[in-house]
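Residue numbers start from 1 in every chain, and the chains themselves are labelled A, B, ... in the order their sequence lines are given, proteins ahead of strands.
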Amino acid sequence: MNLLPDLTPKEAVQFQKVLVEMIRFRPLPPPGGNLLIAGADCSYEKRATTGYAAIVVCRWPSMEIVDVGRGTADIGFPYVPGLLSFREIPLLQLAWESLRAKPAFVVVDGQGMAHPRRMGLASHAGLVWNTPTIGSAKSLLVGEHRPLREKRGSRAILKHQGETIGVALRTREGVKPVYVSPGHLADLKTAAQWILRLSPKYRIPEVIRLAHQEVNRLRRKDLPAR
DNA sequence: GCGACAG
DNA sequence: ATCTTGTCGC
C-alpha cells in the first residue's frame, strides 16, 4: 500500500490512526562493532517553496562517513504540528533513494511515538523505509516529565495520557535534554542507550549534527568539502 | 473559548 | 525551520 498518499491535513490525521497499527517495537542492534547507522534532517529557506534533506550514513563506532544521501523538492504540505511527516518525508525519501549504503537504523530529527497519535516523523519514516528508526527531538510536542538531574545520562520518563511515550535524556551536563522516542522496529530502552552513546560530546546526537551540517551545506549550494 | 504546538 | 551579533563560560 501507499504509505505516503497525497492528503489534506484533515485526511492525514485519520491516516495516521491507520498507520500506527503497523508500528512494531523491538530491540535495536547491540553496539557491537561495524554496523552502519544514519542521521536524517531537513532544512528550508526563509520564505521559499523549496525544501532540502540529507541522510548521513556512518560506520559505528569509528563514525567515519560512509555515504550521504541528498534531496531537494518543492514543499507540498504546510507545517502543521503533528503532521510534520507529510511535509518532510517526501524530501527525506529522495535522500534515502540516493543512498548506496543502507543503514541498520536511522536517527530522525523529530518525534517517534512521542506524538498525539503515536505517529511522529520517525515512526512514519520507519514504516516507509521498513527500517528501524529512533526519534530524537530538541523540544516537546506532547507529554510531561519530572525534572532531570544535571548530570549527563540523567533521564525522566515522558508520559502522555497515562502512556509512556519516550524519555527526556540529558546528553550533556547542565544543558537542556533531548527527547527520545521509538520510531518503527525500535524500543525505548535501546533507543535511549543509542542516543546517549551517539552524543558523547554535544547535546545533539552526532549523526544528526552531521546531517544538519550536510543539509545546510546543500541549501547554501556549497556542497563539496567534508 | 483558550493555550499549546516536533521542524 | 529561518533571521541574526555579540557574548558569556569552560
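Side-chain contact check for Arg219(A) and Ser43(A): at least one donor-acceptor pair (N or O, by modelled atom type) lies under 3.5 Å. Between Thr190(A) and Gln193(A), the side chains place no donor N or O within less than 3.5 Å of an acceptor N or O (distance only, hydrogens not considered).
Residue-level contact check: Leu92(A) touches neither bases nor backbone, having no heavy atom under 4.0 Å from any strand. Nucleic acid contact class of Tyr44(A) (heavy atoms, under 4.0 Å, all strands): sugar-phosphate only. Within 4.0 Å of Gly51(A), counting heavy atoms only, lies no atom of the nucleic acid at all.
Rounded to an integer number of Å, the gap from Glu45(A) CD to dA1(C) P is 14 Å.
Under the 30°/60° scheme for interplanar angles, the aromatic rings of Trp129(A) and Trp96(A) are found to lie parallel. Using cut-offs of 30° and 60° for the angle between ring planes, the Phe86(A) and His124(A) rings count as perpendicular.
Contact annotation: Arg219(A) reaches the phosphate of dT2(C) (side-chain N/O to OP1 or OP2, under 4.0 Å). Checking the phosphate oxygens (OP1, OP2) of dT2(C), a side-chain nitrogen or oxygen of Asn216(A) falls inside 4.0 Å.
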Set out, in order, the CA-CA distance, both residues' side-chain angles and the distance that settles side chain to side chain donor-acceptor pair (under 3.5 Å) for Tyr44(A) and Glu88(A), then state yes or no.
CA-CA 10 Å; Tyr44(A) 310 89; Glu88(A) 299 201 336; 2.7 Å; yes
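A 4.0 Å heavy-atom criterion places the boundary nucleotides of DNA chain B facing chain A at dC5(B) to dG7(B), written 5' to 3'.
Ion pair Lys201(A)/Glu206(A) not flagged as a salt bridge, since none of the NZ, NE, NH1 or NH2 atoms sits closer than 4.0 Å to an Asp/Glu carboxylate oxygen.
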